[in-house]
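For clarity, every value in this text was computed on a predicted model and none was experimentally measured.
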Amino acid sequence: MNFFQSSKKNKIISLIIFVAIFFAIFFINNKTPIYSDDWAFYVSYQNQRIQSVNDVFSSIKYFYLHVNGRSVANLIVVLFAFLGKNIFNFFNTLMFILLGWEIYFFASDGKKIKPLGLLAVFILLWFLSPSPNQTLFWMCGAVVYLWMAVLTLLFLIPFRGFFLKNKKFIKDNQLGVFLMFVLGILVGNSHEIIVPAVFLVILFAGYILFKKRKKISKWAISGFIGFMIGAIIQFFAPGNYVKLNHTLGSKGFFQLSSGFHRVLEKISAYQIVLWEIVGVIVFLYVINKIYFKFRKKIMDSFMLLLIIVAFFLDVLGIFFPYFPPRAFFFSNVALIIFISRFLLNNEFKLVKTLGIIILIPAFILSMETSMNKANILYKQYQKRDESILKQKFQGKQNITVKKIKRVKNKILLNEPLLPHSKNVWASRFYGVDSIKLN
C-alpha cells in the first residue's frame with residue numbers, strides 16, 4: 001500500500017480521516033486521568049515523585065527485579081511519568097493512528113489507499129478493542145497493549161513478504177540486519193503474551209521458506225536472534241517470579257479447568273462479535289468452495305494464519321493465573337486484520353461498502369458522545385485535584401475527597417481512586433499520607 005501513488009482525491013480524504021480521528025483520540029487522551037498503576041510509575045515505587053533521569057533508570061531496575069520483565073514498556077511509562085502526561089497524550093494518539101495504518105497495511109494487497117477501507121479499520125478498532133478505556137487511553141495500559149502491538153507489527157512487516165506477494169521492505173545489508181536485531185530485542189521484551197505468538201508467525205515463515213527452498217535472509221536471522229535475546233531477558237526477570245508467587249498465592253499454576261472457563265467467559269464478553277464475523281466469512285468461503293467454486297477471494301492462507309494466531313493467543317490465557325479482558329487486545333488485533341483483509345478485497349464490494357457506510361454515523365455519534373462525556377469527567381477530576389491541593393496547603397496529610405460521579409461509557413476511565421483504601425501510590429504522588437473517598 002503506497003499512499004503517494006494514490007489519487008489526489010483519495011489522498012485528501014485519507015488525510016481528513018487521519019486528522020479527524022487524531023483530534024478525537026487526542027481530545028479523550030487529554031481528558032483521561034492518571035489511573036491505577038500510573039500512580040506507582042509516577043512515584044517510582046518510592047516515597048517521592050520521579051525527578052531525574054537517574055530516577056527513571058533506577059525505577060526500571062526495580063521493576064525488573066520486583067514486578068515483571070517488560071523493561072521496554074516499563075521504560076516508556078516511567079519516561080512519560082518523568083516528562084509529563086501532556087507529552088504522552090500526543091504520542092499515544094499518534095500510536096493509535098499508527099496501529100490503524102499498520103492494520104490497513106497488513107490487510108491490503110493494493111498499491112493505492114482506499115479511504116473507506118481505512119475508515120473501516122478505525123471503526124473496527126474503536127468498537128471492537130477489548131476494554132478500550134484501559135488499552136487505548138490509560139497510560140500504563142496503552143503502553144503495554146497499544147504501543148507493544150504497534151511495535152510488534154512494525155517488526156513483522158518484513159516477514160509479511162513471506163506470506164503475501166509484495167516488494168521487500170528492508171534490505172539485506174548491514175543496516176537492515178542491525179535494525180531487525182534491535183527491533184527483535186524490543187519485541188521479545190515487549191509482553192509475555194506476544195512472544196509465543198510472534199514465534200509462531202516466524203515458524204510459519206520458516207516453513208514457507210523451507211517448502212519453497214528459498215534462502216533465509218540475513219535480516220530474518222538477525223531479527224530472530226534479537227527476538228530470542230529479548231524474550232530471554234524478559235522471561236528470566238526475577239520480578240516475574242515475585243509477581244507470579246503473589247498472584248498464585250497458595251493455588252497451583254495448572255488449573256486448566258478454571259482457566260478454560262475464565263477465558264471462555266471473557267471471550268463471550270469481549271471478543272465474541274469478532275469471532276462471529278470471522279465465522280460468517282469462513283462460512284462464505286466454505287460454501288463457495290463446495291457448491292459454487294467461484295474465483296472469489298473470500299479468504300487466503302494469510303487470513304488462515306491470522307485465525308490460528310488469534311486462537312493461539314486466546315488459548316494462552318488458560319495458562320495465565322491473571323488474564324484480564326485487556327489481555328485479549330493482541331488477539332483482537334489479529335482478528336481485526338483478518339476482517340479488514342476481507343473488507344479490502346474486491347469481492348462483494350457493494351455489500352461491504354454499504355455495510356461500512358451504515359456504520360459511519362454510529363462511529364461519529366459514539367466518538368462525539370465519548371468526547372462530551374470525557375469532558376464532563378475531566379471537570380470532576382479538576383475539582384478533585386484542586387480539593388486535594390487545597391487541603392494539602394492547609395496542612396492536612398490525611399485527605400478526604402468526593403467520589404467521581406460515574407459516566408456510562410466503556411471508552412472512558414471513571415473513578416481513578418479505590419474505595420476503602422488509603423490509595424498509597426496516589427497519596428505519594430501528591431505528597432500526603434492518605435487519600436480516601438467519602
Side-chain angles (χ1 to χ4, degrees), residues 1-2 57 60-61 63-64 68-76 79 91 94-95 98-99 101-109 143-237 240 301-302 305-306 308-309 312-313 316 330 333-334 337:
M1 184 268 293
N2 193 325
F57 287 103
I60 300 307
K61 180 181 178 181
F63 279 112
Y64 191 77
N68 59 51
R70 303 174 196 164
S71 297
V72 175
N74 292 336
L75 175 60
I76 293 171
L79 187 62
F91 283 100
L94 187 61
M95 284 296 165
L98 284 174
L99 180 61
W101 178 86
E102 287 179 334
I103 290 173
Y104 184 94
F105 176 81
F106 273 88
S108 175
D109 284 334
V143 170
V144 171
Y145 295 98
L146 171 61
W147 288 55
M148 295 304 103
V150 170
L151 180 65
T152 301
L153 290 181
L154 181 64
F155 173 71
L156 291 176
I157 282 176
F159 289 95
R160 178 183 183 272
F162 295 140
F163 305 101
L164 304 171
K165 292 180 180 180
N166 64 328
K167 65 178 182 179
K168 294 181 179 179
F169 284 89
I170 192 165
K171 293 183 178 180
D172 206 22
N173 54 20
Q174 289 183 346
L175 180 60
V177 168
F178 175 74
L179 287 175
M180 287 302 291
F181 179 73
V182 173
L183 272 174
I185 292 176
L186 297 178
V187 172
N189 188 259
S190 59
H191 197 291
E192 59 272 13
I193 298 174
I194 288 178
V195 171
V198 172
F199 184 82
L200 182 65
V201 173
I202 294 176
L203 191 66
F204 270 91
Y207 170 74
I208 290 173
L209 286 176
F210 176 78
K211 191 176 180 182
K212 294 181 178 180
R213 296 182 180 179
K214 288 188 176 182
K215 184 180 178 181
I216 302 176
S217 303
K218 293 177 183 177
W219 60 258
I221 296 172
S222 67
F224 178 71
I225 292 171
F227 171 74
M228 292 306 296
I229 291 172
I232 290 170
I233 292 172
Q234 178 182 186
F235 282 105
F236 283 90
N240 288 329
S301 58
F302 182 60
L305 174 62
L306 290 167
I308 294 172
V309 169
F312 180 65
L313 284 166
L316 282 177
F330 304 119
V333 167
I337 295 175

Working for side-chain contact (heavy atoms from CB on, under 4.5 Å), residues L183 and L151: CA-CA 8 Å; L183 272 174; L151 180 65; 3.8 Å; yes

Residues Q234, V72; criterion side-chain contact (heavy atoms from CB on, under 4.5 Å); working and verdict: CA-CA 9 Å; Q234 178 182 186; V72 175; over 6 Å; no

L153 vs F105, side-chain contact (heavy atoms from CB on, under 4.5 Å): CA-CA, chis, key distance, verdict: CA-CA 10 Å; L153 290 181; F105 176 81; over 6 Å; no

Check step by step if side-chain contact (heavy atoms from CB on, under 4.5 Å) holds for I60 and Y64. CA-CA 6 Å; I60 300 307; Y64 191 77; 5.5 Å; no

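Remark: of the listed residues F155, F159, F224, F159 is the sole one forming a ring pair (Phe, Tyr, Trp, His ring centres under 6.0 Å) with W219.
The nearest pair of heavy atoms linking L313 to A197 is CD2-CB, 3.5 Å. Residues L99 and A149 share a closest heavy-atom pair of CD1-CB, 4.2 Å. Residues S190 and T152 approach most closely at OG-OG1, 4.3 Å, considering heavy atoms. Closest of all the heavy-atom pairs between V150 and E102 is O-OE2, 3.0 Å. Contact record, L316 with P196: CD1-CG, 3.4 Å, taken as the closest heavy-atom pair. Residue F181 comes nearest to I225 through the heavy atom pair CE1-CG2, 4.0 Å, listed as atom of the first residue, atom of the second, then distance.
Counting heavy-atom neighbours within 6.0 Å of F57 CZ, excluding the residue itself, gives a total of 12 or less. Annotation: I216, atom CD1; neighbour count of heavy atoms from other residues, nucleotides and ligands within 6.0 Å does not exceed 12. Residue F199 places its CZ atom among 12 or fewer non-hydrogen atoms of other residues, nucleotides or ligands, all under 6.0 Å distant.
With hydrogens and angles disregarded, no donor-acceptor distance shorter than 3.5 Å links the side chain of D172 to the backbone of S217.
Between H191 atom NE2 and R70 atom CZ the span is 3.5 Å, to the nearest 0.5 Å. Between atom CZ of residue F204 and atom OG of residue S301 there is a gap of 10.0 Å, rounded to the nearest 0.5 Å. For the atom pair CE of M228 and CD1 of I202, the computed distance is 9.0 Å after rounding to the nearest 0.5 Å. Rounded to the nearest 0.5 Å, atoms CG (L186) and CG (L154) are 9.5 Å apart. In this structure, CG in L179 is found 4.5 Å from CG in L175, a value given to the nearest 0.5 Å. Taking NZ of K218 as the start and NZ of K171 as the end, the distance is 14.5 Å to the nearest 0.5 Å.
At a threshold of 4.5 Å between non-hydrogen side-chain atoms, the residues N74 and N68 count as touching. Side-chain contact between F235 and V195 is present, with heavy atoms from C-beta onward closer than 4.5 Å. Between M95 and L98, some side-chain heavy-atom pair lies under the 4.5 Å cut-off.
Aromatic ring orientation, F302 versus F106: parallel (interplanar angle below 30°, classes split at 30° and 60°).
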